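Quick note: numbers below take in every heavy atom, side chains included, and nothing from hydrogens, waters or symmetry partners. It should be emphasised that the depicted structure is a prediction, and the values quoted were computed from it without experimental measurement.
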Amino acid sequence: MSGQKIALCGYMGSGKTEVGKRLSEELKLDFVDLDQEISTHEKKSIPLIFQKKGEVYFRKIEHQLLQSLLLKDSAIVLSLGGGTPCYGNNLDLLKQSKVKLVYLKANLTTLTDRLFEQKNTRPLISHYHQKNDLEEFVRKHLFERSFFYLQSDLVVEVDGKSGENIVSEIISDLK
């Protein structure tokens, strides 16, 4: 798999990081979490970057680091941020490079349940205190982002599946 990159996209809470780590172990490839790369580069957490410098700054750095990762010749499993393919020309960058783009598709209920538990660590939703308000936000946001996600090379439904099953499904598609 020389130079092969597998990028996982999907809405926040879809399991990109967990699945990415498992997939990288199975394929014996390095795992890169784009949000972690941004955090390391900026020496700040993602919520702090949003708070101090705003989303526009965050998206600019995200684009630069994505571009840099895609130019490297190394084979990796890359977990994208939930919004990465939806901003600027990031989707075009992914489609034009040697990336197998995999959409981890979770339904509204799964996402809302997961995100309500994690909302304090996610800057876009940290202010939602009622689950039904969060669900409405996710519904609208997911609708807007699905156009980008659905342009992936592979769509994997994740609802009710273990990480192991999701990874097996991705690997069987790679063969």
Side-chain angles (χ1 to χ4, degrees), residues 1-106 118 121-124 141 144-158 163-175:
M1 296 188 72
S2 173
Q4 171 68 51
K5 291 174 180 51
I6 301 163
L8 304 178
C9 73
Y11 200 72
M12 60 181 153
S14 62
K16 297 178 301 290
T17 300
E18 178 194 337
V19 171
K21 286 178 181 175
R22 286 174 177 256
L23 184 61
S24 70
E25 287 172 14
E26 282 292 318
L27 297 174
K28 296 179 181 21
L29 297 176
D30 288 336
F31 173 72
V32 178
D33 183 299
L34 186 56
D35 282 346
Q36 187 58 53
E37 291 291 306
I38 295 165
S39 210
T40 300
H41 180 269
E42 291 295 301
K43 298 176 182 62
K44 291 180 184 67
S45 68
I46 300 298
L48 198 55
I49 296 168
F50 268 74
Q51 181 188 353
K52 299 283 186 194
K53 299 198 174 184
E55 186 175 5
V56 172
Y57 177 83
F58 172 84
R59 296 298 175 192
K60 179 182 167 195
I61 298 302
E62 177 183 57
H63 175 76
Q64 290 170 353
L65 291 175
L66 174 64
Q67 202 167 24
S68 172
L69 286 166
L70 294 177
L71 288 172
K72 291 182 181 174
D73 195 35
S74 55
I76 58 170
V77 173
L78 174 62
S79 172
L80 301 173
T84 306
C86 312
Y87 288 92
N89 67 339
N90 290 342
L91 182 60
D92 290 336
L93 275 176
L94 289 158
K95 299 296 269 177
Q96 292 167 7
S97 62
K98 292 183 189 178
V99 171
K100 173 79 169 187
L101 188 57
V102 179
Y103 171 27
L104 300 183
K105 185 178 181 190
Q118 305 167 0
T121 63
R122 297 184 180 269
L124 289 176
H141 222 211
E144 293 167 353
R145 290 181 173 189
S146 290
F147 169 79
F148 299 95
Y149 296 155
L150 290 169
Q151 293 182 55
S152 296
D153 301 307
L154 174 64
V155 176
V156 178
E157 305 268 347
V158 299
E164 187 178 311
N165 288 345
I166 295 165
V167 167
S168 293
E169 198 171 322
I170 295 168
I171 289 173
S172 71
D173 185 79
L174 295 173
K175 294 178 181 173

Nearest heavy atoms of Val99 and Ala7, plus distance in Å = CG1-CB, 3.5 Å
Side-chain (Lys5) to main-chain (Leu78) donor-acceptor, under 3.5 angstrom = no
Looking at side-chain heavy atoms only, is the closest gap between Ile170 and Leu104 below 4.5 Å?
-> yes
Which atom of Leu8 lies closest to which atom of Lys16, heavy atoms considered | CD1-O, 3.4 Å
For Glu26, does the CD atom have more than 12 heavy-atom neighbours from other residues, nucleotides or ligands under 6.0 Å away?
-> no
Any donor-acceptor N/O pair, Ser39 side chain to Asp35 backbone, under 3.5 Å = no
With Val102 as partner, the option from Leu174, Leu23, Val156 fulfilling side-chain contact (heavy atoms from CB on, under 4.5 Å) is Val156
Flag yes if more than 12 heavy atoms outside Lys21 fall under 6.0 Å of its NZ atom; otherwise flag no.
-> no
Looking at Leu80 and Cys9, what are the two nearest heavy atoms and their distance?
-> CD1-CB, 4.0 Å
Determine whether more than 12 heavy atoms belonging to other residues, nucleotides or ligands lie under 6.0 Å from atom CG of Asn89.
-> yes
Side-chain heavy atoms of Val56 within contact of Lys60, under 4.5 Å = no
Closest approach of Ile49 to Ile38 (non-hydrogen atoms, all atoms of both residues) = CD1-CG2, 3.8 Å
So NZ of Lys72 and OG of Ser97: to nearest 0.5 Å the spacing works out to 14.0 Å
Nearest heavy-atom pair of Leu69 and Val32: which atoms, and what distance?
-> CD1-CG1, 3.9 Å
Side-chain donor/acceptor of Tyr149 to backbone N/O of Gly82, under 3.5 Å | yes
So, Lys95 side chain and Gln151 main chain: donor-acceptor pair closer than 3.5 Å or not?
-> yes
What's the verdict on side-chain contact (heavy atoms from CB on, under 4.5 Å) for Asp173 and Lys100, showing C-alpha distance, side-chain angles and the deciding distance?
-> CA-CA 10 Å; Asp173 185 79; Lys100 173 79 169 187; 2.7 Å; yes
Please determine, by modelled atom types, if Thr17 and Asp33 share a side-chain donor-acceptor pair under 3.5 angstrom.
-> yes
Beyond-backbone contact of Arg59 with Glu62, side-chain heavy atoms, under 4.5 angstrom | yes
In Å, rounded to the nearest 0.5 Å, how long is the span from CZ of Phe31 to CD1 of Ile76?
-> 9.5 Å
Spacing of Asp153 atom CG and Leu101 atom CG [to the nearest 0.5 Å] = 6.0 Å
Ser168 (side chain) donor-acceptor with Glu164 (main chain) under 3.5 angstrom | yes
Report the C-alpha distance between His63 and Leu93 in whole Å, list the side-chain angles of each, state the deciding distance to 0.1 Å, and finish with yes or no for side-chain contact (heavy atoms from CB on, under 4.5 Å).
-> CA-CA 9 Å; His63 175 76; Leu93 275 176; 3.3 Å; yes
Supply the atom-to-atom distance Glu42 CD to Leu48 CG, rounded to the nearest 0.5 angstrom.
-> 10.5 Å
Sub-3.5 Å donor-acceptor pair from the side chain of Ser152 to the main-chain atoms of Val155, do we have one?
-> no
Give a yes or no on whether a salt bridge exists between Arg22 and Glu18, defined as a side-chain N under 4.0 angstrom from a carboxylate O.
-> yes
Should the ring pair His141 and Tyr11 be called parallel, tilted or perpendicular, given that the plane angle runs from 0 to 90° and is split at 30 and 60?
-> perpendicular
For Leu66 and Thr84, which heavy atoms make the closest approach, and how far apart are they?
-> CD2-CG2, 3.8 Å
Looking at CD1 of Ile166 and CD1 of Ile171, how far apart are the two atoms once the value is rounded to the nearest 0.5 Å?
-> 12.0 Å
Can you measure from CD (Gln51) to NZ (Lys44) and round to the nearest 0.5 angstrom?
-> 11.0 Å
